[in-house]
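Have a look at the structure below before the remarks.
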Amino acid sequence: MRRIGTVAGMRGAAAAARGAGQRVGLVPTMGALHEGHLSLVRAARGDSDLLVVSIFVNPTQFAPGEDFDAYPRDLAGDEAKLAALDGGPPDVVFAPDVAEMYPQRPVTTVSVAELTAGLCGASRPGHFEGVTTVVAKLLHIVAPHAAYFGRKDFQQLQVVRRMVDDLHIPSEIIGCPTVREPGGLAMSSRNDYLSAAEREAARSLSRALRAAVEAAQQARAAGAAPDPRALRAAAAATLGAEPLVRTDYVEVVDPDTLEPPDQSGEVAGGDRRLLVACAAHVGPARLIDNVVVGDRDDEARLLAATGSSRRSGPVHRLEPRDHRR
Ligand code: AMP
């Protein structure tokens, strides 16, 4: 495993691998690596000859007043975790500094419309433009055959997929399941900000999603299609009941378009998929989580992770990857 800090060095290493007929994989991260990130690296490791993990806290996706300065940074610790990874370390840690990635004030950005209008896009104006711009840069620098993203950031995953489709970027985008802590809290670098009491309260995000899944199951058991309004109400009530949590949003949308679903409950051709997504402020952290109701694997993972607070370990790797939608 070697560290590369320059765009030219990274471009050269990836080009050499491609020239030698090797398959190149990329896992973009902002560092402070946890088991969620590592699950992406494991999935990518099995598919890649040259595996690149990028570690870059991208300033352009943080708004003024957000946690860019406070965001945890520990490159040495991250490299130690990667070096020790079961399944094998990546070949390259691409860790450019801000001046390397943005040598001049950028006047060119990549922005994806429509899919970024709601959910986190509504709460964090400009955030996704920062994300898609830096991901486009990384995809151009590394030119991977495949890039791996977590379903934890479901809107980000769909936005990146759409960008890659619209711009004909020749990288496959692979979505990997959310890794949760015992009790169900989705792993996040921002969980580091939480006190013990806040961490306990933060479990209400995954509990809220569980309430929505259970409401869907009850509807199905009664022979009815899950009603998006009922799912949203069940999740919002659970989240709203936790005093240390301030709800940002609870939304139920179509997982492909991220638009509100048709309220009729009719679905052409089978099980209706609904994205239940939530965001909430817990102490100093803004946390997000989601589940796709109607995706039986995603439902099962969420139910297993939230079923007991006494699980012996995180629920992960039930399904190494989830190709396209
Ligand atoms: P970040 O460092 O927060 O930008 O995340 C880098 C990548 O890791 C993104 O694709 C995230 O969706 C993914 N990721 C973060 N947390 C998790 C998690 N708990 N489970 C799975 N993937 C995750």
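For ligands, and for the atoms within them, numbers begin at 1 and follow the listed sequence. These numbers were taken from a predicted model, which means no experiment stands behind them.
- A donor-acceptor pair under 3.5 Å is absent between the side-chain atoms of Arg301 and the main chain of Thr178, judged by distance alone.
- Counting only distance, with no hydrogens or angles, the side chain of Ser111 and the backbone of Glu129 share no donor-acceptor pair below 3.5 Å.
- Checked options Val135, Thr29, Leu26; the residue passing with Ser54 is Leu26 (criterion: side-chain contact (heavy atoms from CB on, under 4.5 Å)).
- Ion pairing between a basic and an acidic side chain is recognised when a charged N comes within 4.0 Å of a carboxylate O; Asp91 and Arg2 show no such pairing.
- Counting all heavy atoms, side chain and backbone alike, Ser206 lies closest to Arg180 at CB-NH1, 3.7 Å.
- Heavy-atom neighbours of Arg162 CZ from other residues, nucleotides or ligands within 6.0 Å: at or below the threshold of 12.
- The immediate protein surroundings of ligand 1, defined as residues with any heavy atom under 4.0 Å of it, consist of Pro28, Thr29, Met30, His34, Gly36, His37, Leu40, Tyr71, Phe149, Gly150, Lys152, Asp153, Gln156, Pro177, Thr178, Val179, Met187.
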